[in-house]
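What follows is one structure encoded as structure tokens, with my remarks underneath.
Counting starts at 1 for both ligands and their atoms, in listed order.
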Amino acid sequence: MRLLILAGLAAALAAPPALARAFPDPQQKPAPGNEAPQTPIAQAGYSAATNYQLQCRGCHLGSGEGAPRNDTPKMAGFVGNFLRVAGGREFLVRVPGVAQAALSDAQIAELLNWILEPGGMAGASTPANFQPYSAEEVGKVRHNALLNLPGTRAGLIARMREQGLAIEDGMGTP
Ligand code: HEC
């Protein structure tokens, strides 16, 4: 048995290196009709709704319903509550999914406003006096990394609770 394994190993090692493939293949050509260089997403001029589909939907799902199995909280009908507590407005820009999205500051501002504005997925959770984000505001806080995300979020949730807000983030948070 041991001999067989050794013989198999030797055969594998002796396999012609020609079988190895370079990846990605440097000779590979784009598919016909697809020769133009790719446009970076931030320069493609997509709407906020499209940027959401491209950059956020994978985790937050189509209507912001979230996915507790992936630890992704529900934004629909809830996320606007962060604007009701001190530090929450900045938090929404600094969460990694937002701060590190392949979008410009102006596009992030537009996307957050699209989520939070009346008729957006945040629904009635957004306070009535909501002031839209600007590109300048996003630029100022975006690169200020959140070093303790769970702790920061828990603190904000605790402040919401002090105000008697229902924590309907889909995470089963008691
Ligand atoms: C790779 C998965 C992933 C992607 C992509 C992603 N998010 Fe998130 N998002 C999360 C998770 C998980 C959380 C919970 C906090 C954390 O652990 O980061 C979160 C938290 C948030 C929050 C704070 C709400 C809360 O209840 O904590 C906002 C706002 C948010 N995301 C918006 C976005 C937007 C807008 C995009 C697209 C530009 C995006 N996210 C992309 C996974 C993602």
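Residue contacts with ligand 1 for F82 involve side-chain atoms from C-beta outward but no N, CA, C or O (heavy atoms, distance under 4.0 Å). Residue contacts with ligand 1, taken as heavy atom pairs separated by less than 4.0 Å, involve L111 solely via side-chain atoms from C-beta onward.
Partners of D105 under the side-chain hydrogen bond (donor to acceptor under 3.5 Å, both in side chains) rule, at least two apart in sequence or in another chain, are R142. Checked against ring pair (Phe, Tyr, Trp, His ring centres under 6.0 Å), Y133 has no partners two or more places apart in sequence or in another chain.
Going from atom CG of L165 over to atom CD1 of I167 covers 6.0 Å, rounded to the nearest 0.5 Å. Taken to the nearest 0.5 Å, the CD atom of E117 stands 9.5 Å off from the CD atom of E110. Separating the CG atom in L112 from the OG atom in S134 is a distance of 11.0 Å, to the nearest 0.5 Å.
The shortest contact between atom 14 (C) of ligand 1 and any protein heavy atom is with P73 CD, 3.3 Å. The protein atom (non-hydrogen) at minimum distance from atom 17 (O) of ligand 1 is L149 CD2, 3.3 Å. Looking only at heavy atoms of the protein, atom 27 (O) of ligand 1 is closest to R153 NE, 2.6 Å. The protein atom (non-hydrogen) at minimum distance from atom 5 (C) of ligand 1 is Q55 O, 3.3 Å. For atom 12 (C) of ligand 1, the nearest protein heavy atom (residue, atom name, distance) is D71 O, 3.2 Å.
Between the side chain of Q163 and the backbone N or O of R161, no donor-acceptor pair lies under 3.5 Å. When atom types are taken as modelled, the side chain of R153 and the backbone of N148 share no donor-acceptor pair closer than 3.5 angstrom. The main-chain N or O of F82 is never found under 3.5 Å from a side-chain atom of R89 such that the two would form a donor-acceptor pair.
With a 6.0 Å radius and a threshold of 12 heavy atoms from other residues, nucleotides or ligands, E35 has its CD atom above the threshold.
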Could you pull out every donor-acceptor pair under 3.5 Å between side chains of residues 66-80 and any protein atom, sequence neighbours left out?
unit_1	atom_1	unit_2	atom_2	d
T72	OG1	N70	O	3.3

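Around atom 8 (Fe) of ligand 1, the protein N, O or S atoms found under 2.8 Å comprise H60 NE2.
Between the side chains of T50 and Q53, not a single donor N or O lies within less than 3.5 Å of an accepting N or O.
At a 4.0 Å cut-off, at least one heavy atom of I115 sits close enough to ligand 1 to count as contact. Remark: distances from the non-hydrogen atoms of Y52 to ligand 1 are all 4.0 Å or more.
The distance from ligand 1 to the heavy atoms of L92 drops below 4.0 Å at these ligand atoms: 29 (C).
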